[in-house]
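Inspection log for the structure reproduced underneath, given as structure tokens.
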Amino acid sequence: MKKIILFLSFVTLSSGAYSFQGTVQISNSESGVERTIQLSKWRVDSKGVPSFNYVYGEKTASCKYEIAGRAIAGFEEDGKKVDLEVYNPQDAQGNEMAQILAFHDDSVTLTLPVKEKNQGNVVTFEAALSTDARRKNCVKNTDHLTMVFKKAH
């Protein structure tokens with residue numbers, strides 16, 4: 001029993017580095033298109049794998065488009081042990097940047113920093129668009145959306 005309590009304490013503490021509190025909403029505007037990303041309902045399951053709800057939206061004067069779902073962190077499982085897939089990106093000069101963790105939901109990938117800092121990328125959103133989604137979204141003639149959201153300073 002003591003081992004289980006220690007394991008759950010470790011999972012709770014370690015997953016705290018990846019969490020956000022409440023609802024996070026970030027937006028940006030470019031070329032007449034307002035884009036928003038909303039993250040909410042952060043949870044960590046019994047194995048220590050975090051997940052959250054997301055809503056990505058685009059809006060112009062004549063168009064409104066949304067993608068919503070639940071994203072779960074990438075992980076590898078070996079018996080009872082779970083390792084989250086943490087990535088170490090580099091900038092254009094080859095310098096190490098803040099670690100990120102990728103979250104997936106079908107054709108959508110979101111990346112978040114492992115430890116949030118007030119600089120750099122906060123959320124990267126990527127989605128492969130189906131034929132139907134291509135017809136509905138506000139930015140035509142693309143089969144893939146990639147958006148980087150940053151906190152306002």
Side-chain angles (χ1 to χ4, degrees), residues 11-12 14-79 81-94 96-153:
V11 167
T12 304
S14 65
S15 62
Y18 306 97
S19 65
F20 53 83
Q21 300 296 318
T23 298
V24 175
Q25 182 155 341
I26 310 171
S27 64
N28 65 28
S29 294
E30 185 181 339
S31 303
V33 181
E34 181 184 352
R35 296 176 175 92
T36 59
I37 189 93
Q38 179 177 305
L39 313 179
S40 63
K41 297 185 181 173
W42 179 273
R43 278 192 295 245
V44 179
D45 68 14
S46 61
K47 293 180 182 178
V49 180
S51 60
F52 58 86
N53 290 346
Y54 68 88
V55 178
Y56 168 81
E58 296 178 352
K59 188 167 71 171
T60 66
S62 61
C63 175
K64 184 175 180 184
Y65 175 71
E66 282 189 352
I67 299 175
R70 182 148 192 94
I72 184 168
F75 67 95
E76 292 181 7
E77 191 171 4
D78 182 19
K81 185 181 178 206
V82 170
D83 288 319
L84 297 179
E85 296 176 357
V86 176
Y87 300 93
N88 294 285
Q90 294 181 348
D91 64 15
Q93 290 74 37
E96 189 172 301
M97 297 170 59
Q99 292 182 320
I100 59 170
L101 180 60
F103 292 80
H104 308 279
D105 177 24
D106 296 332
S107 62
V108 172
T109 301
L110 297 101
T111 57
L112 277 67
V114 170
K115 292 184 181 175
E116 187 175 334
K117 297 179 181 177
N118 290 330
Q119 56 184 327
N121 303 342
V122 174
V123 180
T124 300
F125 172 86
E126 294 184 53
L129 298 178
S130 65
T131 304
D132 186 47
R134 279 199 303 270
R135 276 191 235 106
K136 293 177 183 175
N137 82 313
C138 299
V139 183
K140 303 298 180 197
N141 302 321
T142 183
D143 61 356
H144 201 81
L145 298 174
T146 301
M147 225 28 248
V148 177
F149 292 87
K150 298 182 180 182
K151 276 190 176 173
H153 297 289

Mind listing the closest non-hydrogen atom pair of [X] and [Y] along with its distance?
X    : Y    : value
T36  : S27  : CG2-CB, 3.5 Å
A127 : I67  : CB-CD1, 4.1 Å
D105 : G69  : OD2-CA, 3.4 Å
N28  : V148 : ND2-O, 3.3 Å

Within a strict 4.5 Å, meaning less than it, do heavy atoms of the [X] and [Y] side chains meet?
X    : Y    : result
L129 : K136 : no
V24  : F52  : no
I37  : V122 : no
L84  : V114 : no
V33  : R35  : yes
S51  : F103 : no

Residues which pass salt bridge (charged side-chain N to carboxylate O under 4.0 Å, His left out) with [X], listed by chain and number, not counting sequence neighbours:
X    : answer
D78  : none
E76  : none
K41  : none
D106 : none

Just how far is it from atom OG1 of T124 to atom CD of E126, taken to the nearest 0.5 Å? 7.0 Å
If I take atom CZ from residue F149 and atom CD from residue Q25, how far apart are they, to the nearest 0.5 angstrom?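 Answer for the CZ-CD pair, F149 versus Q25, is 9.5 Å.
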Sole candidate of T109, I26, L110, T146 that passes side chain to side chain contact (heavy atoms under 4.5 Å, CB included) when paired with F125: L110
Anything under 3.5 Å between a donor and an acceptor, one on a side chain of residues 85-92, the other on a protein residue two or more places apart or in another chain? List them.
residue	atom	partner	partner atom	Å
E85	OE1	Y87	OH	3.2
N88	OD1	Q99	NE2	2.9
D91	OD1	Q93	N	3.0
D91	OD1	G94	N	3.0
D91	OD1	N95	N	2.8

Where at least one partner belongs to residues 57-67, residue pairs that pass side chain to side chain donor-acceptor pair (under 3.5 Å), sequence neighbours excluded: Y56-E58
